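One structure is given below, encoded as structure tokens.
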2 protein chains.
Amino acid sequence: MTDRAQGAKLAEVAALLADPTRATFCVAMLDGRAWTAGELARRAGVAASTATEHLHRLTASGLCVERRQGRHRYVQLADPETAALIESLAGHFPVAEAPAGLRASTASAALARGRTCYDHLAGRLGVAVTDAMTGLGLLDRTAGFALSDKGRDWMETALGVDTAGWSHSRRTAAKECLDWTERRSHLAGLAGAAVCDRFLESGWVRRVGSTRAVRLTDSGATALQELLDMDAGPLR
Amino acid sequence: MTDRAQGAKLAEVAALLADPTRATFCVAMLDGRAWTAGELARRAGVAASTATEHLHRLTASGLCVERRQGRHRYVQLADPETAALIESLAGHFPVAEAPAGLRASTASAALARGRTCYDHLAGRLGVAVTDAMTGLGLLDRTAGFALSDKGRDWMETALGVDTAGWSHSRRTAAKECLDWTERRSHLAGLAGAAVCDRFLESGWVRRVGSTRAVRLTDSGATALQELLDMDAGPLR
DNA sequence: CTGAGGGTTCGGCGGCCGCCGAAGCGTCGC
DNA sequence: GCGACGCTTCGGCGGCCGCCGAACCCTCAG
């Protein structure tokens, strides 16, 4: 009896993501930015009226939040936990897709090379950074997934990040996020967000157009070399 | 373009859980055991033929695996990751349910007190054990979620668990799992499974009937006192 | 004030999908 | 060998839900 209620609840949540159009909206919003209703409609290839209805359901359920501004309606995912949930759900099964055309192929190649996953780095770039940090003892992955003391120092000194408030934050400092292209874990949580933030701010990586894909810059390559002793060649 | 394909993929996965009957199946199987098709059908309140069709979809998608044995068909969740995914999806939104009757109320109270979550402990019991381990420095939660060296010793000596192979396992030693009744994290992963296993084997906790609920025994209460310096009073 | 354009509401259409019962197949117990 | 029983296949029914276009509201620019 109890788990029939629980099942209904689960089905309700899953149904939100079970529609291709709503799912496409969510995937688009995985970049962490706020999108207008029209942008999402065009991206998913549906009429504006259809998009409106879907956005109603998504916001009503608390999956997304919205902000009215002038004649625009901006929508984004509610929080990093929600983004992590969607990413892990989408990544849980192997994709096994043969890219359709050249255009799509280069686009997905760019995404595989490096992208943002809500507020942290993913793709080969994200995995490589995470691996490098593990190799230097900044991350402890032998018995879980945590930032070591050394890692915390590194965030402070090498990256200039203020980690003082992290202990009191509701969000965990370091979290594991599974990648849907690499099928490997990369760094998320406060530390992951801080890394991504600093990389973007310093111009070490740059967004490709208006997509989630990011590209490593020249200064980024040298920075990775200096800070993490990484060979950035394969990531260019 | 790329994320429309990704959206379709996400929708496909979500659709599996978007049906109340299939979702109920999955919630039931969260106890980690193998269920027969008939058991699941009765539990969800549908005809056997309906259950068959649902189980086809679940196994075809790789969410569940099955084992034929005589005239029975046993089915269970594919792996701990799948279980974690379902649990986190189900637990992502507040429940806010008023129990319908006395029967349902005592049943859900038992589940809230203590239960298994696939292969580890959850509910107030699971959270309390996790908190106690954190307090004793066995778990490091200041910068992530990891088993400390001290914690690993404790697993070996206090619990008699062989942790030798853990470093080479594909599965992480300690993982965070969010609880849908407590809205709090508890220990999962290899360590969580080992704790649950030892507790059941030693008779410290016992399953209530054929449900996921577990009950702390007298010897269990003293064991918690000795091993973790816990007051088991509120958990009885 | 007027037109353009983003967003919304509403009605109606179409398809998908979950449900069942009946018939059938295999295994188990006597 | 013969019922009993668990599971499966197949048709057919019904309802839900995602889609659109048309009409409308509101904001912004000139």
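Residue numbers start from 1 in every chain, and the chains themselves are labelled A, B, ... in the order their sequence lines are given, proteins ahead of strands. The model shown is predicted, which means the values in this text are computed figures rather than measured ones.
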Judged by atom type as modelled, is there a donor-acceptor pair below 3.5 Å linking the side chain of B/R43 to the main-chain atoms of B/E39? no
note: B/R68, atom CZ; D/dC7, atom P; distance rounded to Å ~ 9 Å
When the distance from CG of B/L55 to P of D/dC7 is rounded to whole Å, what number comes out? 9 Å
Hey, are A/T116 and A/R207 close enough side-chain-wise for a donor-acceptor pair under 3.5 Å? yes
Under 3.5 Å donor-acceptor pairs involving side-chain atoms of residues 23-32 of chain A, not counting sequence neighbours:
unit_1: A/T24; atom_1: OG1; unit_2: A/P20; atom_2: O; d: 2.7
unit_1: A/D31; atom_1: OD1; unit_2: A/R33; atom_2: N; d: 2.9
unit_1: A/D31; atom_1: OD1; unit_2: A/W35; atom_2: NE1; d: 3.3
unit_1: A/D31; atom_1: OD2; unit_2: A/R33; atom_2: NE; d: 2.7
unit_1: A/D31; atom_1: OD2; unit_2: A/R33; atom_2: NH2; d: 2.7

Could you check whether any side-chain heavy atom of A/L55 comes within less than 4.5 Å of a side-chain heavy atom of A/R73, counting everything from C-beta outward? yes
Please identify the 5'-most and 3'-most nucleotides of DNA chain C with any atom under 4.0 angstrom from a heavy atom of chain B. C/dG18 to C/dC28
Counting C-beta onward and ignoring hydrogens, is there a side-chain heavy-atom pair between A/F145 and B/T172 closer than 4.5 Å? no
Nearest-Å distance, NE2 (B/H54) to P (D/dC7)? 15 Å
Which listed nucleotide (D/dT8, D/dC28, D/dC5) is nearest to the side chain of B/R71? D/dC5
Identify whether the distance between the nearest side-chain nitrogen and carboxylate oxygen of B/D79 and B/R170 falls below 4.0 Å. no
By the 4.0 Å heavy-atom rule, please label B/R42 as base, sugar-phosphate, or nothing. nothing
Using heavy-atom distances to pick each residue's nearest nucleotide on DNA chain D, tell me which of B/A37 and A/A48 is more 5'. B/A37
By nearest heavy atom, map A/S49 and A/D19 onto DNA chain D; which one lands nearer the 5' end? A/D19
